[in-house]
Amino acid sequence: MLHGFIADELAGGAWTDDLADPVSPLSSPDQGTGTAVLERPETEEETKKDDGGDADRFAHYVSKERIAESRMTGRPVVALCGKVWVPKHDPSQYPVCPDCKRIYEEMLH
């Protein structure tokens with residue numbers, strides 16, 4: 001019987017001897033070898049998916065297939081310049097993103 005074993009050991013002094021022994025890890029459980037907890041401050045990780053609005057003023061280069069897929073699924077697209085967004089506006093109403101244009105021209109040469 002497990003409960004009887006624990007009671008017998010305590011009565012026999014095996015556990016109490018360990019508590020009195022300064023070398024025993026049971027005598028000072030906070031000061032021996034074992035598992036330590038490293039405290040570190042909590043930080044919130046923020047994934048930046050836009051540039052604060054500057055890129056919202058431009059029409060970006062994205063493949064037509066990706067635009068069509070995004071309109072059907074609602075998933076964001078990634079432009080050549082790295083801008084991540086869900087297209088919702090008519091791009092003809094905005095000037096072309098200079099970074100997208102530069103990257104596209106570099107790809108052609």
Side-chain angles (χ1 to χ4, degrees):
M1 201 191 271
L2 184 59
H3 296 286
F5 173 75
I6 293 172
D8 290 342
E9 287 295 317
L10 288 175
W15 287 92
T16 54
D17 290 342
D18 285 340
L19 294 174
D21 182 9
V23 180
S24 170
L26 297 176
S27 64
S28 56
D30 293 335
Q31 296 180 357
T33 59
T35 304
V37 176
L38 176 62
E39 297 289 333
R40 64 180 167 182
E42 288 188 35
T43 58
E44 289 185 31
E45 293 183 25
E46 182 177 320
T47 304
K48 189 172 182 180
K49 292 189 177 181
D50 65 30
D51 60 356
D54 287 343
D56 293 335
R57 299 182 224 158
F58 296 111
H60 296 276
Y61 284 33
V62 178
S63 71
K64 291 179 182 180
E65 293 84 18
R66 299 278 185 192
I67 295 286
E69 181 181 333
S70 176
R71 289 202 172 134
M72 290 175 50
T73 64
R75 292 184 178 157
V77 295
V78 180
L80 288 178
C81 68
K83 166 77 175 169
V84 178
W85 85 108
V86 177
K88 296 178 183 174
H89 303 287
D90 179 9
S92 67
Q93 303 297 315
Y94 300 93
V96 174
C97 169
D99 291 332
C100 283
K101 184 176 182 176
R102 178 186 50 80
I103 293 167
Y104 182 74
E105 289 173 355
E106 288 175 3
M107 289 171 47
L108 293 178
H109 297 293

Exercise for the section: Over all heavy atoms of both residues, which pair between Gly74 and Val86 is shortest? Give the atoms and the distance, please. Expected result: O-CG2, 3.6 Å
Problem - Euclidean distance, Ser63 OG relative to Glu65 CD, rounded to 0.5 Å - result: 5.0 Å
Completion exercise
Heavy-atom closest pair (Pro76 atom, Val84 atom, distance to 0.1 Å) is CB-CG1, 3.8 Å
Completion exercise
For Ser92, the side-chain hydrogen bond (donor to acceptor under 3.5 Å, both in side chains) test, sequence neighbours excluded, returns Asp90
Just distance, no hydrogens or angles: give the donor-acceptor pairs under 3.5 Å from side chains in residues 95-106, sequence neighbours left out.
{"unit_1": "Arg102", "atom_1": "NH1", "unit_2": "Glu106", "atom_2": "OE2", "d": "3.4"}

Problem - Joint cluster assignment, Met72 & Ile67, ILVMFWY side-chain distance < 4.5 Å - result: no
Problem - Residue pairs fulfilling side chain to side chain donor-acceptor pair (under 3.5 Å) with at least one residue in residues 66-76, sequence neighbours excluded - result: none
Practice task
State, yes or no, whether a side-chain contact exists between Trp85 and His60 at a heavy-atom distance under 4.5 Å.
Solution key: yes
